[in-house]
There are 2 protein chains.
Amino acid sequence: MLTDRQLMILQVIIDDFIESAKPVGSRALSKKDTLPYSAATIRNEMADLEESGFLEKTHTSSGRVPSEKGYRYYVDHLIGPEIHQHGLGIIERLTNNGIYEFEQIVQTAAEALSKLTNYTSIILGPEMFEATVKQIQVLALSDQSAVAILVTNTGHVEHRSFTLPKGVSSSDIEKLVNILNDRLQGVPLYRIPEVIQNEVASLMMKYMNGVDSSINWIRTLFTQEQAVKLYFGGKANILMQPEFNDVDRIRSFYSLMEREDEIVNLLKNSNQGIKVSIGHENEVEEIKDLSLITASYHIGGGQMGTIALLGPTRMEYKKVLSLMEIISKEMTGAMGKWYSDKS
Amino acid sequence: MLTDRQLMILQVIIDDFIESAKPVGSRALSKKDTLPYSAATIRNEMADLEESGFLEKTHTSSGRVPSEKGYRYYVDHLIGPEIHQHGLGIIERLTNNGIYEFEQIVQTAAEALSKLTNYTSIILGPEMFEATVKQIQVLALSDQSAVAILVTNTGHVEHRSFTLPKGVSSSDIEKLVNILNDRLQGVPLYRIPEVIQNEVASLMMKYMNGVDSSINWIRTLFTQEQAVKLYFGGKANILMQPEFNDVDRIRSFYSLMEREDEIVNLLKNSNQGIKVSIGHENEVEEIKDLSLITASYHIGGGQMGTIALLGPTRMEYKKVLSLMEIISKEMTGAMGKWYSDKS
DNA sequence: GTTAGCACTCTCATCTTTTGAGTGCTAAAT
DNA sequence: ATTTAGCACTCAAAAGATGAGAGTGCTAAC
């Protein structure tokens with residue numbers, strides 16, 4: 001459908017535009033001696049490429065700009081594999097000494113990703129509801145307040161403070177903790193409320209006094225919010241892109257960034273592997289002129305999260321794709337090593 | 001030094017400019033019948049106010065704009081106390097059921113503050129290093145990895161995962177945890193490394209085998225990062241202000257927002273009470289054309305954090321000051337109630 | 001002391017001009 | 001049958017031109 005020469009020209013045009021952000025014209029192209037053809041020849045080919053929908057003009061007498069179809073073709077066929085050296089070993093470096101904190105690793109990865117690319121990175125923390133309870137602990141801080149701590153088999157720690165109901169003794173707490181540990185160990189987080197309702201409640205009735213009213217309260221206490229956490233890197237990077245030279249554009253971008261639930265939805269859909277969504281391929285209005293690259297990473301026990309990068313459609317796909325591949329693999333590797341599910 | 005009429009005019013001008021963001025002229029002012037003087041009279045008074053440094057012109061024939069000195073006078077003398085109703089009870093509402101999480105309260109407070117004002121709010125979490133150790137726990141997740149949990153007397157939970165050194169048995173861990181609890185309970189966080197070095201090390205030598213090399217590692221594990229946490233609300237709000245109609249201005253603002261250490265410094269200086277820094281009174285270049293309001297809040301045990309609000313110098317000081325007062329009081333109240341230091 | 005009147009100033013929005021890079025098409029060259 | 005040179009034409013963006021509007025300062029009258 002496309003001749004070799006057309007492909008070559010398409011590639012050069014896209015490369016050029018990705019770098020310069022300016023419409024590329026035939027004369028300018030033929031001057032740089034990447035292509036051994038005259039301006040007129042290039043012009044003719046450009047006209048054909050435009051007719052086939054790979055290029056566009058911003059106005060009748062402007063140079064050409066890649067269309068979304070053009071980028072799509074470029075991503076699918078014109079970029080070969082490449083290894084982005086700088087990306088290698090980022091994760092490893094963070095956990096050299098054997099001590100690590102999930103949040104910190106992810107946050108640093110997000111920052112590194114954005115720094116290396118100059119785009120905005122978003123990492124979606126793993127969905128936790130399949131993780132299971134490893135241990136529950138309640139620790140009194142004073143005679144009025146206490147803190148409840150829940151550790152999952154994957155090493156995540158959730159905690160919540162609360163005011164102690166009047167008349168609860170420390171032996172009551174001890175009993176409660178025993179019951180909870182007995183019944184909840186190995187139970188996935190999402191089933192906690194159910195188990196408390198069905199099993200813990202009756203046991204509490206049996207062994208403790210006056211607890212009927214507090215069962216709801218305990219259920220609330222141990223109901224984990226399903227909220228997956230988002231980690232951002234380089235939210236300000238996007239402002240360096242010339243396509244963000246417009247205040248309204250910036251406003252709409254940042255307002256989207258604050259609607260975290262929408263972003264979660266945007267990233268959640270991602271299946272295995274790396275996915276590139278160019279411009280209108282995205283469903284969210286605010287990023288229909290941006291490209292979104294998503295890749296998933298896995299931690300033990302089937303849980304996974306998503307790494308994403310958001311930049312102009314005029315994105316350095318070559319660099320970015322290789323980088324995403326490396327980072328998602330390294331994340332998976334690092335996580336899997338420690339969070340192996342032996343509960 | 002200033003006549004009553006000048007004060008009155010100054011107040012009206014500032015009020016007007018705060019609302020409209022446009023230089024206010026004598027004709028326009030005299031038309032609104034807030035002031036019973038003719039344009040010419042107002043003009044003369046304006047000239048005097050300008051000479052005294054309370055007003056400025058943006059160009060030779062423009063209306064007047066308050067100078068920083070003008071705002072300073074306005075804040076110090078021209079706004080009376082007022083109670084901002086919407087602000088009342090925000091914190092209480094968050095902890096109705098007796099269950100709460102510090103992070104969530106603070107985050108929600110930041111969001112509420114920014115929503116009510118349309119400026120950007122920043123809350124500095126409390127400095128933790130004076131908090132003392134309540135309990136330490138280590139929980140093995142698999143035979144390679146474990147998670148260490150540290151609870152402070154104020155109910156904060158810190159945790160960190162790590163790879164188990166080879167040849168460490170579960171009884172070793174138990175011993176270690178016992179030693180740590182024995183020696184570290186009641187010790188303030190900032191002294192942990194020191195105590196581990198001086199007291200824990202020798203005990204470990206005595207009761208455990210082959211630990212000499214791992215003492216450093218344990219010290220690292222329990223060294224808390226001093227990093228105080230920042231909570232932002234309404235980072236995008238600032239974009240609605242007409243003074244941010246310039247892309248470079250936005251860039252510099254967001255780039256500052258990403259340099260969290262600088263922001264921490266900016267807020268840390270705050271002593272008791274509410275402090276208003278107008279324009280160049282701020283030391284950080286990027287906000288020399290903004291105003292920063294800071295107020296401190298206290299949780300038990302002498303620890304405190306800072307609430308801040310960042311907006312144009314043309315800020316609704318009246319509203320903002322009353323709101324800040326309310327919120328900082330409520331935060332202090334709520335925190336103190338639970339985090340009472342009974343360790 | 002206060003105000004009306006007037007000449008003057010400066011911004012902002014709108015319109016016009018110029019310049020430069022680009023295109024399409026036709027005819028000549030390879 | 002391609003490829004290329006040449007030429008007329010187009011459009012955006014930058015640079016100037018124009019006029020309206022809101023403001024000021026100053027002087028003289030109230």
Side-chain angles (χ1 to χ4, degrees), chain A residues 2-10 12-14 16-17 19-67 70 242-243 245-249, chain B residues 2-10 12-14 16-17 19-67 70 242-243 245-247:
Chain A
L2 291 182
T3 69
D4 279 359
R5 192 168 67 182
Q6 284 174 333
L7 287 187
M8 189 174 177
I9 290 179
L10 179 60
V12 174
I13 290 176
I14 296 186
D16 189 292
F17 184 72
E19 195 195 319
S20 72
K22 293 191 200 355
V24 359
S26 58
R27 193 180 338 283
L29 256 197
S30 78
K31 255 175 204 153
K32 298 201 298 180
D33 40 35
T34 359
L35 293 173
Y37 310 105
S38 76
T41 309
I42 294 174
R43 218 148 42 229
N44 289 331
E45 297 287 32
M46 277 175 158
D48 288 356
L49 283 167
E50 183 176 1
E51 202 161 1
S52 327
F54 294 98
L55 294 180
E56 284 170 353
K57 283 187 284 194
T58 60
H59 58 89
T60 32
S61 74
S62 75
R64 300 307 206 292
V65 156
S67 68
E243 24 278 274
N245 247 335
D246 167 51
V247 181
D248 283 329
R249 188 66 200 80
Chain B
L2 291 181
T3 70
D4 280 358
R5 191 166 72 183
Q6 283 174 334
L7 286 187
M8 190 176 175
I9 290 179
L10 179 59
V12 173
I13 290 176
I14 297 185
D16 188 292
F17 184 71
E19 195 196 319
S20 70
K22 292 191 204 347
V24 357
S26 56
R27 200 190 318 294
L29 257 197
S30 79
K31 255 177 204 150
K32 298 201 298 181
D33 38 35
T34 1
L35 292 173
Y37 312 105
S38 77
T41 307
I42 294 174
R43 213 141 54 221
N44 288 330
E45 296 288 32
M46 279 175 155
D48 288 355
L49 282 167
E50 184 177 358
E51 202 163 355
S52 326
F54 294 99
L55 294 180
E56 283 170 352
K57 283 188 285 195
T58 61
H59 61 261
T60 34
S61 75
S62 75
R64 298 308 204 293
V65 157
S67 68
E243 22 277 275
N245 248 337
D246 167 52
V247 181

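A note on names: the letters A, B, ... follow the listed sequences, proteins ahead of strands, and every chain is numbered from 1. All heavy atoms count here, side chains included; hydrogens, waters and symmetry mates do not.
- Distance B:Asp48 CG to D:dT24 C1': 14 Å, rounded to the nearest Å.
- Two residues are said to be in side-chain contact when any heavy atoms from C-beta on lie closer than 4.5 Å; A:Met46 and A:Ile13 meet this criterion.
- If you measure from atom NZ of A:Lys32 to atom P of C:dA21, you get 16 Å, rounded to the nearest angstrom.
- For the pair A:Lys31 NZ and D:dA5 P, the interatomic distance rounds to 13 Å; values are reported in whole Å.
- Take B:Glu19 and apply the salt bridge (charged side-chain N to carboxylate O under 4.0 Å, His left out) test, not counting sequence neighbours, and it matches no residue.
- Distance, A:Tyr37 OH to C:dT30 C1': 16 Å, rounded to whole Å.
- Put simply, B:Thr60 has a side-chain N or O that comes within less than 4.0 Å of OP1 or OP2 on C:dC10.
- Counting to the nearest Å, the C1' atom of C:dG22 and the CZ atom of A:Phe17 are 15 Å from each other.
- You'll find the side chain of B:Leu35 reaches within 4.5 Å of the side chain of B:Ile42, heavy atoms only.
- Listed here is the closest heavy atom pair of A:Tyr37 and A:Ser30: O-CB, 3.3 Å.
- B:Ser67 places a side-chain N or O within 3.5 Å of a backbone atom of B:Phe54 that can act as its donor or acceptor partner.
- For A:Arg43 and D:dT3, the shortest distance from a side-chain N or O to OP1 or OP2 is not below 4.0 Å.
- Note: CD (A:Glu45) to C1' (C:dG24) measures 15 Å, nearest angstrom.
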In B/S/- notation (B base, S sugar-phosphate only, - none; protein heavy atoms under 4.0 Å), nucleotides 12-22 of chain D written 5' to 3' is S----------

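- The two residues B:Ala47 and B:Arg64 have their closest heavy-atom pair at CA-NH2, 3.7 Å.
- To the nearest angstrom, P of C:dA21 lies 12 Å from NZ of A:Lys22.
- One finds a side-chain N or O of B:Lys57 lying less than 4.0 angstrom from the OP1 or OP2 phosphate oxygen of D:dG25.
- Distance CG (A:Asn44) to P (D:dA1): 16 Å, rounded to an integer number of Å.
- Residue A:Thr41 has a polar side-chain atom (N or O) positioned under 4.0 Å from OP1 or OP2 of D:dT4.
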